Each structure stands twice: as C-alpha cells, then as structure tokens.
Enquirer: 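What follows is a structure written as structure tokens; I'll ask about it next.
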Amino acid sequence: QVQLVESGGGSVQAGGSLRLSCAAAGYTVSRYCMAWFRQAPGKEREGVATVDSDGTASYADSVKGRFTISRDNAKNILYLHMNSLKPEDTAMYYCAGAWWSGNLCSRAYGESNFGQWGQGTQVTVSS
C-alpha cells in the first residue's frame, strides 16, 4: 500500500524558514516525478515545485528563489525547503507522486498528473 506522509509544517513569522518532509512507503521517490502543492483557504490547489527522477527541479514563479525541492533517496523522503516565507505562503501543503517520469515533470503543475497524495501539513506565516 502506498503512503505519502507529510510533516514539518507549523507557524512561523514572515522571513522565517521551514522544511517540509514527505516520507514515502510503497513508493520510490527517486523513480518518479514528484511535486509539492499547496491550498490556501478559499483558493484552488496550486503546484509549487516539481522534481523529476533525474533530479531536474522546477518552481512556480511565486516561490522561485525562496523554495527548494529535494530528495533523500536513501531515506525515501521528499523535502521542501522554504526560506523567506511570506504571509501569502500560508496554506496546507501536500506532496504528490506520479507513476511516470520525464520532461513533462517540469510543467506538471496540474493535480491530474499525480495519482498519489499525502494528507497535508499546515504552514502558517504571520506578518
């Protein structure tokens, strides 16, 4: 059974940092395209960052230069390092896993591209 379990969310002041983790079971994070999404209250879920099996990463313009997506293949964990956090980053953050890899990953910001989802972890940034 596939499980993606996020952790690391919390409350932080603007300008602060957090590291989100997504531990995978029954799924190999290094083999497929994976992503982080977020959903703020009253808004649609949006893609934040993706990483392909070859390590190629891409970012939404709103987080470029502040967030970094990475993997620890030995531990089978996906990370999202978030720096210079802003109040508008406040959202529930979800990790997502696809069952494919390839060039499309860098443009895969639609939810339908991903078949596996975690339960989410809340990030709250205060001004």
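Note that the structure is predicted; figures quoted are calculated from it, not measured.
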Enquirer: Closest approach of Thr50 and Ala35, non-hydrogen atoms and distance?
Expert: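 Smallest interatomic distance, heavy atoms only, reads CG2-CB, 3.9 Å.
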Enquirer: Report yes or no: does Trp100 contribute a side-chain atom to a donor-acceptor pair with the main-chain N or O of Cys105 at less than 3.5 Å?
Expert: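 The answer is no, because no donor-acceptor pair under 3.5 Å joins these two groups.
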Enquirer: Let me confirm one number: the SG-CG distance from Cys22 to Asn76, rounded to the nearest 0.5 Å.
Expert: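 With rounding to 0.5 Å, SG (Cys22) is 9.0 Å from CG (Asn76).
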Enquirer: Restricting to non-hydrogen atoms, name the atom on Lys43 and the atom on Gln39 that form the minimum distance, rounded to 0.1 Å.
Expert: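 Scanning both residues, the minimum pair turns out to be O-NE2, 3.1 Å.
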Enquirer: Do Ser58 and Tyr109 have side-chain N/O donor and acceptor atoms under 3.5 Å apart?
Expert: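 Checked: Ser58/Tyr109 side chains pair up, N/O donor to acceptor below 3.5 Å.
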Enquirer: Would you name the heavy atoms of Ser126 and Pro87 that are closest together and state the gap between them?
Expert: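 So the two residues come closest at C-CG, 4.5 Å.
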Enquirer: Listed by chain and number, what are the side chain to side chain donor-acceptor pair (under 3.5 Å) partners of Ser101, not counting sequence neighbours?
Expert: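 Ser101: side chain to side chain donor-acceptor pair (under 3.5 Å) contacts with Ser53.
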Enquirer: For Ser70, give me all partners under side chain to side chain donor-acceptor pair (under 3.5 Å), at least two apart in sequence or on another chain.
Expert: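 Per chain and number, Ser70 pairs via side chain to side chain donor-acceptor pair (under 3.5 Å) with His81.
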Enquirer: Please tell me whether Met92 and Ile69 are part of a single hydrophobic cluster in this structure, the criterion being side-chain heavy atoms less than 4.5 Å apart.
Expert: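 No, it is not one cluster - the side chains of Met92 and Ile69 are not joined through contacts under 4.5 Å.
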Enquirer: What pair of heavy atoms forms the shortest contact from Trp117 to Phe114, and how long is it?
Expert: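 Where Trp117 meets Phe114 most closely, the heavy atoms are NE1-O, 3.1 Å.
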Enquirer: Under 4.5 Å between side-chain heavy atoms, counting indirect links through other Ile/Leu/Val/Met/Phe/Trp/Tyr residues: same cluster for Tyr79 and Tyr94 or not?
Expert: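 Result: no, two separate clusters.
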Enquirer: Which distance, rounded to the nearest 0.5 Å, do you find between the CZ of Arg31 and the CG of Asp52?
Expert: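 It is 13.5 Å, given to the nearest 0.5 Å.
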Enquirer: With side-chain hydrogen bond (donor to acceptor under 3.5 Å, both in side chains) as the rule and sequence neighbours excluded, what pairs involving residues 8-19 come up?
Expert: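 Every side-chain hydrogen bond (donor to acceptor under 3.5 Å, both in side chains) pair that includes a residue of residues 8-19, provided the two are not neighbours, is Ser17-Asn83.
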Enquirer: Measuring from Leu78:CG to Leu20:CG, what's the distance to the nearest 0.5 Å?
Expert: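 Leu78 CG to Leu20 CG: 9.5 Å, rounded to 0.5 Å.
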Enquirer: Residues in side-chain contact (heavy atoms from CB on, under 4.5 Å) with Phe67, at least two apart?
Expert: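 For Phe67, the residues satisfying side-chain contact (heavy atoms from CB on, under 4.5 Å) (neighbours in sequence not counted) are Arg38, Val48, Val63, Leu80, Met82, Leu85, Asp89, Tyr93.
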Enquirer: If you define the side chain from C-beta out and look only at heavy atoms, does anything of Val51 sit under 4.5 Å from Thr56?
Expert: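 Not in contact.
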Enquirer: Which residues satisfy the side chain to side chain donor-acceptor pair (under 3.5 Å) test with Lys64, sequence neighbours excluded?
Expert: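 Applying side chain to side chain donor-acceptor pair (under 3.5 Å) to Lys64 gives Asp61.
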Enquirer: Any chance the side chains of Thr90 and Thr124 put a donor and an acceptor closer than 3.5 Å?
Expert: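 No - no donor-acceptor pair under 3.5 Å links their side chains.
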Enquirer: Show me the side-chain donor-acceptor pairs of residues 1-10 shorter than 3.5 Å, one per line, residues at least two apart or across chains.
Expert:
from, atom 1, to, atom 2, distance (Å)
Glu6, OE1, Gln119, N, 2.9
Glu6, OE1, Gly120, N, 2.9
Glu6, OE2, Cys95, N, 2.8
Glu6, OE2, Gly120, N, 3.3

Enquirer: Report yes if some heavy atom in the side chain of Trp99 is under 4.5 Å from a heavy atom in the side chain of Tyr32; otherwise report no.
Expert: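 Yes, side chains in contact.
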Enquirer: Between Ile77 and Ser21, which heavy-atom pair has the shortest distance, and what is it?
Expert: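 Nearest pair, atom of Ile77 first, then Ser21: CG2-CB, 4.1 Å.
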Enquirer: Taking all non-hydrogen atoms of both residues into account, name the closest pair between Asn73 and Val29 and its distance.
Expert: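 Asn73 and Val29 have their closest heavy atoms at OD1-CG2, 4.2 Å.
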